[in-house]
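Protein chains get the first letters and strands the later ones, always in sequence-line order, with residue 1 at the start of each.
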Amino acid sequence: MTMVLVDIQGIKKYYSARAELLAKEQVSVKAVDGVSLQVYSGETLGLVGESGCGKSTLARLIMRLDLPTAGRIFFEGENIFKLSGKDLKGYRRKVQIIFQDPYASLNPRRTAGSTIGEPLLINQMYDREGRALEVARIMDVVGLTKEQKGRYPHEFSGGQRQRIGIARAIILKPQLIVADEPVSALDVSIQAQILNLLKDLQKEFNLTYIFISHDLSVVRHVSDRIAVMHFGRIVELAENRELYEHPLHPYTVELLSAVPAPDPGRKKERVIREREVTGATNGQGKCPFHPRCPVRVEVCEKDEPELTDRGGGHFVACHGDA
Amino acid sequence: MLLEIKDLSTHFHTDFGVIKAVDRVDLSIDEGDTLGVVGESGCGKTVLALSIMRLIPTPPGKIVSGNVIFNGVDLLSLDSAEMRKIRGKDISMVFQEPMTSLNPVLRIGDQITEIIKLHLGLGREEAMARAIEMLSLVGMPSPETAIRNYPHQMSGGMRQRVMIAMALCCGPRLMLADEPTTALDVTIQAQILELIGRLKHDIGTSVILITHDLGVIAEAAEHVAVMYTGQVVEYASVENLFATPLHPYTVGLMESIPKIDAPWGRDVHLKVIPGAVPSLDDLPKGCTFQDRCAHTMQICREKEPQLKEYMPKHRVHCWLYEK
Ligand SMILES: Nc1ncnc2c1ncn2[C@@H]1O[C@H](COP(=O)(O)OP(=O)(O)OP(=O)(O)O)[C@@H](O)[C@H]1O
Ligand SMILES: Nc1ncnc2c1ncn2[C@@H]1O[C@H](COP(=O)(O)OP(=O)(O)OP(=O)(O)O)[C@@H](O)[C@H]1O
Ligand code: SF4
Ligand SMILES: [Mg+2]
Ligand SMILES: [Mg+2]
């Protein structure tokens, strides 16, 4: 599990926006602000962080659905933003995305079978009969029956729709799947079914996952390593157990303490502070977390901390407890 | 007893048939108590709250039976003028979607004072002062500025606090909070839950807290009703519910959520409840959980169980416990 599949180098994505509806000034929203990250072949990298911290933007960049303001992303050693023509098409086969909303992401006028088989058609793979066989096989893998092939999205439940999305994502045998909140819109009793399915598929097809969620319990359940994102930057990165047992960044500590435990005997001490409106225009030269940081020191206001290895692959961007 | 719901049923008449969104619900809540109502999407939580508020859109919906006795008065027997006096004053509601329930073209201050003027008969200035007081009570940073803002100028967490301030501004005896934290990040969720707990303590308001999140229930509720297909299938104190869940659905729910301190590994799978919630217009005869239950017996397919007390103050709607 040591081969680097995706190598993200200093990637940035800035959007221009107005601070208020009627404000004249344009400000730049630093949705992703200098992320460097490696994803190993066969692993699940979890990505957590609060709403608006840039998770989906990073996902879109990796999928090459968007171009970066700066930085590069390499997939198997190739800069994905330089790909074109046949190579780009090849890349699009190798990486697939699963979206949050199984309702919005399926075409209501296409049958399940046609949605699942569409990537094969686009890539002119197999003949008609071969495609039908392949669709039936994949439907079986994700727990749908082939009798459901001719049904339309509205005839399926949320969990079944998410299975359709997953079937479509794996039919081309991709290497990398970016799952952007794949279970957030699902009922609790269905979540578990989909999480188990994703784990089984990973084993069967040796998939690499980038698994995005704001739910720390879900991320913990599926991930080998976890990256915590805050204001467009990775503030902590560590092995699963290490992150939950020894969180180093005060933001990670805050996030973990906020998760309500399904155990009434254990109402816990919280470390929640007021949160300012998402710092769309976070300035340079200081730690963006410092206004609400309990362990801040003088240098936090003068210098932006870099993500550094504290040993054993546990990376943190914080001046605080070094 | 502040509120007693007896045999409440609310049905919707649709093209596909009659949907029993709330089906013969019995529940009660004491003064100063927090009742958590938990269940998956579509099980009738919002319809239950809207029925208490008498806000069911008719047609297609209709409260077809039951009593909602609040402070000794059956709300279902009141005419709409009498109900309007209670709604927003003695009983208030925080709606599921804060953005759609705030008026986008009115300033926050005007929206809050509107309610205060209506129910408490205060003048404009006094009402505004009370609005500011309520906003600071819910932890709004700089409330004097906030009253001049429009909803879109606020973050989700702030809008949610505005909703809570509006619900509390007339000092209600009962607040219905419908998924007040679902759209929010964990850190803001924690703030809102703490806020609700503190206000309950300070003002003595009873709360019905609706959520699909068992963690939120464990955190904030004293009693819990678990709903499935429009029915209450289990009711207990929060301690008893988590210590000895009785209904197979409750047990399944608890086992299927990933826990932050559970053993972890590549091959660790979650327990699942097989299948999916049946469609409300096509419920099976007998127990509605029968097709997903690991203990289904002959009788479960033939006769509907009753919600009965099998352990002290712990009621369950399941044949397993009928000896
Ligand atoms: N097309 C766009 N134009 C302008 N701003 C954008 C655009 N897309 C995203 N943003 C902004 O970039 C920031 C990051 O957004 P992003 O969708 O990546 O967040 P996220 O972490 O996925 O949040 P969530 O958990 O809510 O999905 C936000 O402030 C968002 O408003
Ligand atoms: N106006 C309506 N017309 C027809 N059916 C309705 C209407 N409102 C609610 N229902 C139905 O009543 C049932 C219960 O809905 P309700 O909104 O109470 O669910 P809920 O438990 O609040 O779910 P969620 O967690 O998704 O908010 C659902 O099957 C829903 O489709
Ligand atoms: S009544 Fe029967 S089917 Fe229903 S939950 Fe109990 S054991 Fe299961
Ligand atoms: Mg997102
Ligand atoms: Mg609801």
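- No other option in A:R220, A:Q160, A:K199, A:H214 has as many heavy-atom pairs under 4.5 Å with chain B as A:R220.
- Among residues two or more places apart in sequence or in another chain, the salt bridge (charged side-chain N to carboxylate O under 4.0 Å, His left out) test is passed with B:D267 by A:K203.
- In this model, no donor atom of one side chain and acceptor atom of the other lie less than 3.5 Å apart for B:E234 and B:H317.
- Interface residue A:N240: only side-chain heavy atoms are found under 4.5 Å from chain B.
- When ring centroids are compared, B:Y235 and B:H314 stay outside the 6.0 Å threshold.
- At a heavy-atom separation below 4.5 angstrom, chain A is approached by B:F242, B:L253, B:S256 within residues 242-256 of chain B.
- Ion pair A:E254/A:R292 flagged as a salt bridge, since at least one NZ, NE, NH1 or NH2 atom sits closer than 4.0 Å to an Asp/Glu carboxylate oxygen.
- Per-residue counts of heavy-atom pairs under 4.5 Å with chain B were compared for A:L195, A:V219, A:N196; the largest is that of A:N196.
- Not a single side-chain hydrogen bond (donor to acceptor under 3.5 Å, both in side chains) links A:D215 to another residue, sequence neighbours left out.
- Judged purely by distance below 3.5 Å, without hydrogens or angles, the side chains of A:S189 and B:R292 pair a donor atom with an acceptor atom.
- Proximity to chain A is limited to the side chain of B:Q189, based on heavy atoms less than 4.5 angstrom apart.
- Take B:D291 and apply the salt bridge (charged side-chain N to carboxylate O under 4.0 Å, His left out) test, not counting sequence neighbours, and it matches B:R301.
- A salt bridge is defined here as a Lys NZ or Arg NE, NH1 or NH2 lying under 4.0 Å from an Asp or Glu carboxylate O, and B:R266 with A:D224 meets this definition.
- For A:Q202, the part lying under 4.5 angstrom from a heavy atom of chain B is the side chain only.
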